[in-house]
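Read the structure below first, then the notes.
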Amino acid sequence: VWDPAAVQFIKDAIRKGHSKPCDNMNGAAAAGVDKLCHAFEANDLENYINSIGKKYLYELCFSFGDEVINSANVMQGGPAFTENAFEVTGNHDEAGAHCIRRFVNFFVSQIPPNTLFPFPLHSCPSPLLETAY
């Protein structure tokens with residue numbers, strides 16, 4: 001989804017120990033990702049999370065093995081981050097799959113019983129059953 005140059009810029013910065021790659025705007029400009037860095041700053045999650053406090057249920061799913069998103073930022077975000085952190089394993093793609101699956105499982109668990117199919121599937125009239133699949 002992202003430009004390969006941007007992903008490489010982030011990976012290189014993390015590999016060099018920079019928890020916030022866009023803090024080096026000269027490097028970002030040289031890599032051609034300065035506009036992306038400005039967008040990151042404008043949409044910083046830390047300010048939003050700290051503003052909502054405990055008003056909403058949320059979870060920050062992350063992996064220490066993620067080579068694109070620096071998990072150190074989750075640990076440095078303060079109690080609002082660490083109290084709601086959920087660690088998974090794997091690289092960026094694997095962690096993303098674990099986190100998305102966790103979200104889907106949570107979302108589906110919130111749907112009241114019998115609202116997706118208000119009747120048992122075996123009792124469906126045949127034309128309805130045929131169109132449902």
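- Between C99 and F62, the shortest heavy-atom contact is SG-N, 4.0 Å.
- Using a 4.5 Å heavy-atom cutoff, the side chains of F103 and V108 are not in contact.
- The side chain to side chain contact (heavy atoms under 4.5 Å, CB included) search around H92 returns D66, E67, V68, I69, not counting sequence neighbours.
- In the displayed structure, Y48 atom OH is contacted under 6.0 Å by at most 12 heavy atoms of other residues, nucleotides or ligands.
- H98 has its side chain within reach of T89: a pair of non-hydrogen atoms, C-beta onward, lies under 4.5 Å apart.
- Between the CZ atom of F86 and the CG atom of L60 there is a distance of 12.5 Å, given to the nearest 0.5 Å.
- Sorted by first and then second residue, the salt bridge (charged side-chain N to carboxylate O under 4.0 Å, His left out) pairs with a member in residues 97-106 read E59-R102; sequence neighbours excluded.
- Contact between Y58 and Y56 at its shortest, heavy atoms only, is CD2-O, 3.3 Å.
- Pairs of residues two or more places apart, or lying in two chains, that qualify as salt bridge (charged side-chain N to carboxylate O under 4.0 Å, His left out) and include a residue from residues 71-87 are K54-E83.
- The CZ atom of F106 sits 5.0 Å away from atom CG of L57, with the distance rounded to the nearest 0.5 Å.
- A distance of 10.0 Å separates CD1 of I14 from CZ of F9, quoted to the nearest 0.5 Å.
- Not one N or O on the side chain of S63 forms a donor-acceptor pair closer than 3.5 Å with the backbone of A95.
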